[in-house]
Number of protein chains: 2
Amino acid sequence: MFSKFLNLDKEKQDRIINAAIKEFALKGYDTASTNEIVKEAGISKGLLFHYFQNKRQLYLFLFDYCYELLAEEFYKKINFSEVDFFKRIRHAVLIKMDLLSQYPDIFKFIEEAYFEESTVIKIELGNRIKELTDINFGKVYEGIDLSKFRDDVDVKKILKIITWTFEKLSEEELNKVKLSSAHEIDFQQLQIKAEEYFEVLTTCFYK
Amino acid sequence: MFSKFLNLDKEKQDRIINAAIKEFALKGYDTASTNEIVKEAGISKGLLFHYFQNKRQLYLFLFDYCYELLAEEFYKKINFSEVDFFKRIRHAVLIKMDLLSQYPDIFKFIEEAYFEESTVIKIELGNRIKELTDINFGKVYEGIDLSKFRDDVDVKKILKIITWTFEKLSEEELNKVKLSSAHEIDFQQLQIKAEEYFEVLTTCFYK
DNA sequence: TTGGCGTTGACCACACTAGTCAATACGGTC
DNA sequence: GACCGTATTGACTAGTGTGGTCAACGCCAA
């Protein structure tokens with residue numbers, strides 16, 4: 001399907017992919033312009049449509065590409081032998097932030113895809129997203145040692161509260177970056193904060 | 001400034017305001033079309049620009065209008081004499097969800113405004129948002145009784161965890177609505193869940 | 001009948017779109 | 001050098017839509 005494109009030398013492929021991801025991430029499917037993409041990638045209009053049948057096909061190709069890249073990187077780094085929930089989730093958050101700073105456009109692209117409303121791609125995209133969340137849901141909780149938690153409250157709710165806390169913590173840190181226009185996540189700061197909340201949560205939720 | 005517009009009969013004002021809010025909320029500043037707005041409002045193009053100098057002025061007017069409306073409604077309903085943090089925050093979440101179902105477009109408009117990237121309005125809008133968050137930040141924590149909380153951990157972090165939990169809980173409920181295309185928040189369900197988490201949190205965070 | 005205000009919508013000049021295709025550049029083979 | 005086939009170009013099409021203007025009209029009070 002994309003053999004012509006995939007036979008290109010890697011450098012040119014990347015130029016096109018990165019330009020397209022950036023444009024779609026920034027503007028969404030409808031408003032994104034193929035003219036901007038080719039300008040940014042430094043290729044001609046005709047070439048883009050030589051490799052991809054149309055805008056829609058390009059977008060869906062990019063979705064698969066981005067998702068696979070992020071998932072692979074994530075599962076490569078996460079440690080499933082760690083059975084302590086706090087440690088695993090803390091680690092997961094840090095990996096996520098790391099990937100975010102390494103691939104900001106790819107992250108934004110995937111995030112925006114979840115809110116994409118364009119009729120041209122919504123159904124096809126919806127199917128893929130559903131399939132993927134079905135697969136990944138629950139994986140974070142796999143093999144967790146629940147025996148350490150206090151047993152006077154529902155442990156599932158505790159797990160949720162912990163997950164939410166770390167998620168919100170990183171969201172907060174991201175917003176700070178966005179507002180201060182610092183453009184760089186302060187990983188040391190985040191690690192310290194994660195550690196502090198880690199302490200509060202273990203004190204309150206462990207036996 | 002807007003005296004011409006504000007002297008209109010309320011019904012026509014509302015028709016214009018609602019149409020404009022809906023369009024901006026749905027498409028963002030740049031992509032929103034004044035043509036669509038006048039069509040939806042049932043007025044002529046010329047009339048819109050008779051009341052508002054240009055698109056930009058219209059947008060900023062709407063931002064102020066929406067923010068004032070939501071803030072007023074919120075502070076009218078919240079009970080500042082309730083000193084129990086759990087009860088206050090639980091109440092705040094329910095009010096928020098209530099407003100959300102009552103004014104979905106207005107909520108979306110304000111939410112989107114925080115992410116607005118259009119250069120034409122970004123600076124002016126940024127100023128207003130900063131000012132407003134400065135004012136409102138901390139108000140939720142005013143006059144809270146901290147004596148009930150366990151004192152072996154930092155109470156500020158506990159407050160954050162509680163806030164985040166209820167926020168995430170309502171976000172989850174909203175997403176469910178969005179995916180199921182039910183279009184209506186199940187308030188009873190949300191209340192029950194809030195109650196359940198309320199119990200877990202008091203058990204773990206109170207003395 | 002006149003003046004004036006509220007209102008209309010055709011119209012302007014332009015920006016930009018996704019996609020096409022004849023023409024060219026280029027690399028290898030004889 | 002000639003020739004071939006593939007990679008690549010970018011001017012072009014046909015169309016949509018934009019924010020904003022303005023001459024003209026309807027209507028009502030004086």
Side-chain angles (χ1 to χ4, degrees), chain A residues 1-17 19-24 26-63 116-122 124-125, chain B residues 1-17 19-24 26-63 116-122 124-125:
Chain A
M1 177 96 108
F2 301 105
S3 54
K4 257 183 285 176
F5 178 69
L6 294 167
N7 282 335
L8 241 60
D9 57 308
K10 195 76 177 57
E11 190 267 332
K12 199 169 198 173
Q13 264 185 56
D14 283 346
R15 249 169 42 220
I16 296 170
I17 286 176
I21 285 172
K22 201 168 154 188
E23 177 74 4
F24 281 124
L26 211 66
K27 304 199 192 157
Y29 181 80
D30 277 335
T31 314
S33 157
T34 52
N35 291 333
E36 284 300 312
I37 293 171
V38 300
K39 205 199 286 173
E40 173 87 16
I43 57 165
S44 67
K45 190 82 177 284
L47 198 55
L48 184 69
F49 287 95
H50 176 65
Y51 292 130
F52 299 95
Q53 212 182 338
N54 50 37
K55 192 181 176 182
R56 180 187 136 90
Q57 207 197 51
L58 168 63
Y59 184 90
L60 293 172
F61 168 83
L62 289 173
F63 180 83
E116 193 53 66
E117 294 282 341
S118 172
T119 50
V120 193
I121 46 161
K122 201 176 178 184
E124 183 68 24
L125 198 57
Chain B
M1 178 97 108
F2 301 106
S3 54
K4 257 182 285 177
F5 179 68
L6 295 169
N7 282 336
L8 241 59
D9 57 307
K10 195 75 178 58
E11 191 268 332
K12 199 168 196 175
Q13 264 186 54
D14 283 346
R15 249 169 42 221
I16 297 171
I17 286 175
I21 285 171
K22 202 169 154 187
E23 178 73 5
F24 281 123
L26 210 67
K27 304 198 192 156
Y29 182 80
D30 277 335
T31 315
S33 156
T34 52
N35 290 332
E36 283 300 312
I37 293 171
V38 299
K39 205 199 286 173
E40 172 88 14
I43 58 163
S44 67
K45 188 83 174 283
L47 197 55
L48 184 69
F49 287 95
H50 176 66
Y51 293 131
F52 299 95
Q53 212 183 338
N54 50 38
K55 192 182 176 181
R56 181 187 135 90
Q57 208 197 51
L58 168 64
Y59 184 90
L60 293 171
F61 169 83
L62 289 173
F63 180 83
E116 192 53 65
E117 293 283 340
S118 172
T119 50
V120 194
I121 45 160
K122 200 176 178 184
E124 183 68 23
L125 197 59

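Naming convention: chains lettered A, B, ... in sequence-line order (proteins, then strands); numbering from 1 in each chain.
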Quiz prompt | Ring geometry between Phe61(A) and Phe52(A) (parallel below 30°, tilted from 30 to 60°, perpendicular above 60°) | solution =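 Ring orientation of Phe52(A) relative to Phe61(A): tilted.
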Practice problem: Could you tell me how the ring of Tyr59(B) sits relative to the ring of Phe24(B): parallel (under 30°), tilted (30 to 60°) or perpendicular (over 60°)? | Solution: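 Rings of Tyr59(B) and Phe24(B): perpendicular, as their planes differ by over 60°.
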Quiz item: Closer to the 5' end of DNA chain C via nearest nucleotide, is it Ala32(A) or Gly46(A)?
Solution: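 Nearer the 5' end of the strand: Ala32(A).
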Are OP1 or OP2 of [N] and a side-chain N or O of [X] less than 4.0 angstrom apart?
X	N	value
Tyr51(A)	dT8(D)	yes
Asn35(A)	dC16(C)	no
Asn54(A)	dA18(C)	no
Thr34(A)	dA18(C)	yes
Ser33(A)	dC16(C)	no

Self-check item: Selection from dT21(D), dT8(C), dT8(D) that lies nearest to any side-chain heavy atom of Ser44(A)
Solution: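 Between dT21(D), dT8(C), dT8(D), the one nearest the side chain of Ser44(A) would be dT8(D).
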What is the distance from [atom1] of [X] to [atom2] of [N], rounded to the nearest Å?
X	N	atom1	atom2	result
Asp30(A)	dA18(C)	CG	P	9 Å
Ile37(B)	dT18(D)	CD1	P	10 Å
Tyr29(B)	dT18(D)	OH	P	13 Å
Tyr59(A)	dT17(C)	OH	P	18 Å
Glu36(B)	dG20(D)	CD	P	16 Å
Phe49(B)	dC12(C)	CZ	C1'	14 Å
Leu58(B)	dG20(D)	CG	C1'	13 Å
His50(B)	dG9(C)	NE2	P	16 Å

Using modelled atom types only, decide if a donor and an acceptor are shared between the side chain of [X] and the backbone of [Y] within a distance under 3.5 Å.
X	Y	answer
Lys55(A)	Tyr29(A)	yes
Glu23(B)	Ile37(B)	no
Glu40(B)	Ala19(B)	no

Self-check item: Ile17(B) side chain reached by Phe5(B) side chain, heavy atoms, under 4.5 Å
Solution: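 Yes. Closest side-chain heavy atoms under 4.5 Å.
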Exercise. Taking the side chain as every heavy atom from C-beta outward, state whether Lys12(B) and Ile43(B) have any pair of such atoms under 4.5 Å apart.
Key: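 Counting from C-beta outward, Lys12(B) and Ile43(B) do come under 4.5 Å.
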Quiz item: Counting any heavy atom closer than 4.0 Å, what does Lys55(A) reach on the DNA or RNA strands: base, sugar-phosphate only, or nothing?
Solution: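 Sugar-phosphate, no base atom in range.
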Quiz item: Considering only heavy atoms, which members of residues 4-14 of chain B lie under 4.0 Å from some atom of DNA chain D?
Solution: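 By residue number: none to list.
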Exercise. Establish whether the base of dA18(C) is bridged to the side chain of Lys45(A) by a donor-acceptor pair shorter than 3.5 Å.
Key: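 Side chain to base: pair present.
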